[in-house]
Every structure is written in structure tokens, then in C-alpha cells.
Amino acid sequence: MYAANSANIRALKSAWIIFQNQASIVKISAVRSFDDEAVITLDGLSLREDAAQLAGAEIVIRRDQLVAPATDEFYWSDLIGCQVLNTCGADLGIVDDLVSTGAHDVISIHQLTPPQTRLIPFVNAYVREVSISQKRITVEWDADWD
């Protein structure tokens, strides 16, 4: 699971596991932290060898199982697809990815005309407004900056 903090998944009781193009719901019997990673115990998988057979599986949850983000926090999935405008109204493109650098997150913005990719730090110094409902992010960033 992609989570900034393993504590965010402690309340989960079930999830979907997708493995070899098949999905099934599984019950989560325990979640513990290990080096800031989440170790999830699934019902029916008590041995490490059993769990190892699921290496590469994807574990997903329903949107309504997510913890509500705090003020000025956003799920990356909500930011992807947002139009990015600068404070002068210039269209800088669409968020197509995010990267965590350790120090802060960076939004990757793809612009079609002219073809260009921009990387903008997702920090208060540059991000002026985020409207998830309007799928728009306003940034302090000159249109000529790469």
C-alpha cells in the first residue's frame, strides 16, 4: 500500500488483493510497523512462506476506507490529472505523476503544446491553491521556467 505513514492503515479490517489478474477480498488480522513500513497479516496466511507466494501482489482498498486527509494534505491520486496554472493564469499542463524526494514531494506536470515536462516542488513556497473539486492547482511559477 502506498501510505506516508503505516499508522494510516491500522484501522483497516479488509482489503482487496490482486494477484495474477485475479482479485479477492481478504481480511486483515493484524498490522504492525517495521522500520516505518507496514507489515500486514492476512487471515489464512500464518506462515512467511505462504505470504511469499503473493510477492508482487497489489493490495487495494475502497476510497471510503481512507483516512480523511488533514488540512493542506492531499492524496496523490487526487492531484494526478489536475490542471496546473500559474498565478498569471498561464496553463502549465496537467499533473501526471508525483515523486517523493525525502525533503518534499514534487509534482510532474506534462504540457502538450509545446511538449514539455516540468517538475515543481509541492511546497507552500510555490503552491498557492489546490482545488480538488475543480481539479486545479495554482502555483507561483513562471511559464518560462523548466
Side-chain angles (χ1 to χ4, degrees), residues 1-28 30-42 45 48 50-146:
M1 296 182 147
Y2 299 103
N5 184 326
S6 63
N8 291 342
I9 61 174
R10 291 194 187 286
L12 295 177
K13 301 297 179 209
S14 64
W16 287 89
I17 189 162
I18 302 171
F19 186 65
Q20 297 179 340
N21 295 322
Q22 294 192 0
S24 58
I25 196 161
V26 293
K27 287 187 175 185
I28 297 172
V31 178
R32 62 182 173 86
S33 295
F34 181 76
D35 290 337
D36 202 34
E37 296 286 327
V39 177
I40 300 171
T41 303
L42 303 176
L45 292 178
R48 182 181 293 259
D50 294 335
Q53 292 179 21
L54 294 175
E58 186 175 7
I59 298 175
V60 297
I61 61 172
R62 294 186 326 270
R63 176 74 185 207
D64 63 4
Q65 290 177 283
L66 294 173
V67 175
T71 304
D72 292 334
E73 288 185 356
F74 306 94
Y75 285 110
W76 284 15
S77 61
D78 291 337
L79 298 174
I80 293 174
C82 283
Q83 177 184 25
V84 180
L85 304 171
N86 71 9
T87 53
C88 296
D91 185 356
L92 301 180
I94 303 293
V95 176
D96 64 354
D97 198 8
L98 287 101
V99 179
S100 180
T101 65
H104 54 75
D105 297 334
V106 175
I107 52 176
S108 172
I109 302 161
H110 181 73
Q111 179 178 319
L112 291 176
T113 308
Q116 183 175 10
T117 297
R118 287 186 175 90
L119 299 175
I120 300 177
F122 195 72
V123 295
N124 289 336
Y126 300 111
V127 177
R128 296 293 176 243
E129 181 182 7
V130 176
S131 174
I132 298 301
S133 63
Q134 294 179 356
K135 296 294 283 179
R136 185 180 65 232
I137 300 171
T138 305
V139 295
E140 186 70 43
W141 199 264
D142 193 282
D144 293 335
W145 295 348
D146 289 337

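The model shown is predicted, which means the values in this text are computed figures rather than measured ones.
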Colleague: Can you tell me how far OG1 of Thr87 sits from CD of Glu129, rounded to the nearest 0.5 angstrom?
Modeller: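 The OG1 atom of Thr87 is 11.5 Å from CD of Glu129, to the nearest 0.5 Å.
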Colleague: Indicate the atoms forming the closest heavy-atom contact of Asp78 with Cys82, along with that distance.
Modeller: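 Where Asp78 meets Cys82 most closely, the heavy atoms are O-SG, 3.5 Å.
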Colleague: For Arg136, which residues count as a salt bridge (Lys or Arg N to Asp or Glu O under 4.0 Å) partner, sequence neighbours excluded?
Modeller: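 By the salt bridge (Lys or Arg N to Asp or Glu O under 4.0 Å) rule, Arg136 matches no residue at all.
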Colleague: What closest approach, in Å, do Leu42 and Val26 show between heavy atoms, and which atom pair accounts for it?
Modeller: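 What the structure gives for the nearest pair is CD2-CG2, 3.8 Å.
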Colleague: Which atom names give the shortest non-hydrogen contact between Ala57 and Phe19, and what distance separates them?
Modeller: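 Answer, listing the atom of Ala57 first, then Phe19: CB-CD1, 3.6 Å.
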Colleague: Does Ile59 reach the side chain of Ile28, with side-chain heavy atoms less than 4.5 Å apart?
Modeller: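 Not touching, per the 4.5 Å side-chain cut-off.
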Colleague: Give every residue pair that meets the ring pair (Phe, Tyr, Trp, His ring centres under 6.0 Å) criterion with at least one member in residues 87-129, sequence neighbours excluded.
Modeller: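 Applying ring pair (Phe, Tyr, Trp, His ring centres under 6.0 Å) to every pair that reaches into residues 87-129, excluding sequence neighbours, yields Tyr126-Trp141.
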Colleague: Once rounded to the nearest 0.5 Å, what's the spacing between atom CG of Asn86 and atom CD of Glu140?
Modeller: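 Output value for this atom pair is 8.0 Å.
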Colleague: How many angstroms lie between atom OG1 of Thr41 and atom NZ of Lys27, to the nearest 0.5 angstrom?
Modeller: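 Interatomic distance, Thr41 OG1 to Lys27 NZ, rounded to 0.5 Å: 15.0 Å.
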Colleague: How long is the gap from CG on Leu54 to CD on Gln20, to the nearest 0.5 Å?
Modeller: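 Leu54 atom CG to Gln20 atom CD measures 9.0 Å (nearest 0.5 Å).
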Colleague: Could you grab the distance from atom CD1 of Ile40 to atom CG of Leu45, nearest 0.5 Å is fine?
Modeller: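 Answer for the CD1-CG pair, Ile40 versus Leu45, is 11.5 Å.
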Colleague: Working to the nearest 0.5 Å, report the span between CG of Leu79 and CG of Asp105.
Modeller: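 One gets 9.0 Å once the value is rounded to the nearest 0.5 Å.
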Colleague: Quick one, Val67 and Tyr75 - any side-chain contact, counting heavy atoms below 4.5 Å?
Modeller: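 The answer is yes; the side chains approach within 4.5 Å.
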Colleague: Taking the side chain as C-beta and beyond, is there a heavy-atom pair between Ile109 and Val139 under 4.5 Å?
Modeller: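 No. Closest side-chain heavy atoms not under 4.5 Å.
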Colleague: Locate the shortest heavy-atom distance separating Ile61 from Ser14; write the atom from each residue and the value.
Modeller: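 So the minimum-distance heavy-atom pair works out to CG2-O, 4.2 Å.
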Colleague: Could you list the residues that satisfy salt bridge (Lys or Arg N to Asp or Glu O under 4.0 Å) with Asp64, not counting sequence neighbours?
Modeller: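 Expected list: Arg62.
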Colleague: To check you understand the geometry: which heavy-atom pair defines the closest contact between Arg128 and Ala125, and what is its length?
Modeller: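 Reported closest heavy-atom pair: NH2-O, 3.2 Å.
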Colleague: What are the two closest heavy atoms between Gln111 and Leu92, and how far apart are they?
Modeller: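 Minimum heavy-atom separation between Gln111 and Leu92: OE1-O, 3.2 Å.
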Colleague: Against Ile80, only a single residue in Ile107, Leu98, Asp96 fulfils side chain to side chain contact (heavy atoms under 4.5 Å, CB included); can you say which?
Modeller: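 The side chain to side chain contact (heavy atoms under 4.5 Å, CB included) with Ile80 is passed solely by Leu98 among Ile107, Leu98, Asp96.
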